[in-house]
Amino acid sequence: MTSTAPETQRGQDAGDALGEQPTSWQRRLRRFGHVPRPETPLRDRLDPPYTRPGRQVWSVLAIPPHVADRLVRWSGWGGPLLVTLVAGLLRFWKLDRPHAVIFDETYYAKDAWALVNQGYEGSWPKDVDKLILKDPSSVPIPTDPGYVVHPPVGKWIIGFGEQLFGFTPFGWRFMVAVLGTVSVLLLCRIGRRLFRSTFLGCLAGLLLAVDGLHFVMSRTALLDLIVMFFVLAAFGCLVVDRDRARRRLADALPVDAEGVLRPDARIAETLRLGWRPWRLAAGVMLGLAFATKWNGLYVLAAFGLMTVLWDVGARRTAGAVKPYMAVLRRDLVPAFVSTVPVAIVTYAVSWTGWIVTDKGYYRNWAATEGKNSSWNWLPDWLRSLWHYENQVYDFHVGLTSGHTYESNPWSWLVLGRPVSYFYEEEAGCKESTTGKCASEVLAIGTPLLWWLACFALAYVVWRWLFRRDWRAGAIACGVAAGWVPWFFYQERTIFLFYAVVFVPFLCLAVTMLLGAIVGPAAGQGARAELGLTSGDPTGERRRTLGAIAAGVLVLLIVWNFIYFWPLYTGTSIPEDLWRDRMWLDTWV
């Protein structure tokens, strides 16, 4: 077991001072808990090593050293794959239940089916859902174009599952469940790289696996989980790119006569970091997020700024006297080209099905209503698409009609108003005092996880501001990119399930908090930071108590997920038990 507490200070970069004396702002921040960085080798600051379990762990388990070494080598992938297997089994269990078109599946399942069969969405007749559930082969695909308000990538993905398994609930939910499962694997690996700990990475993935909102969205054919997947994949690509860039800087720095890596201002300010394919991959992923729902555009802006600041921190750590100027000269243009233009091109390519047909909604606008435009020198498809996008934007910002389950983003973290995707009552239920049983699919996060995440976010912000921990800043950026933009549209009709985009970052925040509760490993450096002598057992006692407390919290979260399982899966339960799970009046 390891921790995100002070032993991981070596992974920080903002605040990497070249001198040993604390600056004036550092002295002022001490009253808020700022701890000066312990002396750490430069290479470890640029490229921190992964933590390894202590030998005492293997001794307690009676595992020989050579077997332990092999397990450690395999655990980097073995642990995440095991957590992913559990997540997959949960998400694919009775995926076709309820056998119904639930909530907005009525739009995306049918649009996806039309898209993969004819290249554009059709205008479906009303009340066709029951016919589809009864005999989908008897329902023709409408050739009249349908007015849709979201880009096509998410529907292409849903449609791929329909092509594999038919126009059925299992078919239109299949690919979303695949992405929900794979996102758990991504978070395990991202958490492992962030915290330099396989255990903490797997813990983050486990928390995501047992989050109710992520679970429900993984079993429903909506677009928001697909956005979440691409956002998380982009974040992972940028973290890998950060590690590789810092390693390249470390390899270029000089080594003194004693074999110690030394900072060098000239190298730090002039070194070109070369080809960065992971940043390019992040641009593609962000483009796919944007091409699924437009809120991915805000994530593109936030992550673009974040990766540039990472370059500033890397060059400062390597010895740059003017790191911002160095990044402006060497990194800013490549960073922009690798993300923004790539994302825009990816977005445009996603509309290929609409472009190559002449029947899509507004497809021929440029040749009809827009033929007298001053932009006639542009291709007709581009002008038609631009007009379509303008109409869609007006629709989104003007969507203010009331809805039973709408909620303000201020209430999301405390799960103020979840969304009921499906509800059905069954009379004659003998187990219930009311004589009724209830089946519901409720889009709500695991309450104990989300309420703990409120404290975790406060800890993350504190750690970023006063401990200068880059990982805390990255987690805060992921949450802010998915959450803050909705505050600008508070008059619009919005829902809690939009928050699934930043759920992985909530899990990372909780993981960081749990790591801090466990405490630092009781090595020499950690003992010194805790004010302990090398022979003082207090550090071990504190770590043991911390591990017990963190373990209890995790078990409570898992129990909470199990307790709400019937509400996540539409399982029929007595109405009394259903009401017992309505912890807040606003959940009904």
Side-chain angles (χ1 to χ4, degrees), residues 104 108 148-157 179 183 217 222-238 241 279-310 332-352 354-355 362 382-399 409 412 474-495 497-505:
D104 281 356
Y108 305 127
V148 295
V149 294
H150 292 297
V153 163
K155 286 166 283 187
W156 279 109
I157 291 173
L179 296 187
S183 65
M217 298 298 288
L222 270 64
L223 303 180
D224 300 86
L225 185 123
I226 300 173
V227 177
M228 180 280 306
F229 175 82
F230 288 128
V231 168
L232 184 61
F235 182 77
C237 290
L238 291 176
D241 172 75
R279 182 178 272 176
L280 188 66
V284 173
M285 293 297 107
L286 291 168
L288 291 173
F290 177 33
T292 302
K293 286 187 77 172
W294 280 3
N295 53 318
L297 186 60
Y298 293 101
V299 182
L300 170 64
F303 282 8
L305 177 61
M306 179 181 69
T307 188
V308 169
L309 292 178
W310 283 355
L332 188 60
V333 172
F336 176 83
V337 172
S338 298
T339 51
V340 177
V342 170
I344 292 175
V345 170
T346 302
Y347 180 85
V349 171
S350 74
W351 284 89
T352 299
W354 180 87
I355 293 171
Y362 279 134
L382 183 57
R383 292 192 295 122
S384 295
L385 180 60
W386 183 258
H387 176 73
Y388 194 171
E389 303 289 62
N390 270 284
Q391 296 300 306
V392 169
Y393 178 78
D394 291 340
F395 168 84
H396 282 304
V397 298
L399 185 61
W412 288 358
I475 295 169
C477 178
V479 174
W483 185 26
V484 171
W486 294 110
F487 288 96
F488 300 116
Y489 302 98
Q490 293 187 58
E491 295 181 357
R492 185 187 184 277
T493 307
I494 52 181
F495 303 93
F497 65 82
Y498 295 171
V500 74
V501 174
F502 61 83
V503 165
F505 301 96

**Message:** Less than 4.5 Å apart, side chain to side chain, heavy atoms only: is that true for Trp294 and Tyr347?
**Reply:** yes
**Fill in**
Heavy-atom closest pair (Val501 atom, Gly482 atom, distance to 0.1 Å) is CG1-CA, 4.4 Å
**Message:** To the nearest 0.5 Å, what is the distance between CG on Asn390 and CZ on Phe395?
**Reply:** 15.0 Å
**Request:** Taking all heavy atoms of Ala289 and all of Val231, pick out the closest pair and write down the distance.
**Result:** CB-CG2, 4.1 Å
**Request:** Sorted by first residue and then second, give each salt bridge (Lys or Arg N to Asp or Glu O under 4.0 Å) pair with at least one member in residues 282-301; sequence neighbours left out.
**Result:** Asp224-Lys293
**Prompt:** Considering all heavy atoms of both residues, which atom of Ala302 and which atom of Cys477 are nearest to each other, and what is their separation?
**Reply:** O-SG, 3.8 Å
**Request:** Return the minimal non-hydrogen interatomic distance between His150 and Tyr108, and the atom names on each side.
**Result:** CD2-OH, 3.3 Å
**Message:** Is any side-chain heavy atom of Val148 closer than 4.5 Å to one of Lys155?
**Reply:** yes
**Prompt:** Near Glu491 CD, under 6.0 Å, is it more than 12 heavy atoms from other residues, nucleotides or ligands?
**Reply:** no
**Message:** Are Asn295 and Pro485 packed together at the side-chain level, in the sense that at least one heavy-atom pair is separated by less than 4.5 angstrom?
**Reply:** no
**Request:** Over all heavy atoms of both residues, which pair between Phe502 and Val479 is shortest? Give the atoms and the distance, please.
**Result:** CB-CA, 3.9 Å
**Request:** I would like to know whether Phe230 and Val153 meet side chain to side chain contact (heavy atoms under 4.5 Å, CB included); could you show each step before the answer?
**Result:** CA-CA 11 Å; Phe230 288 128; Val153 163; 4.0 Å; yes
**Prompt:** Strictly by modelled atom types, are Trp483 and Tyr298 linked by a side-chain donor-acceptor pair under 3.5 Å?
**Reply:** no
**Prompt:** Which atom names give the shortest non-hydrogen contact between Gly283 and Val342, and what distance separates them?
**Reply:** C-CG1, 3.7 Å
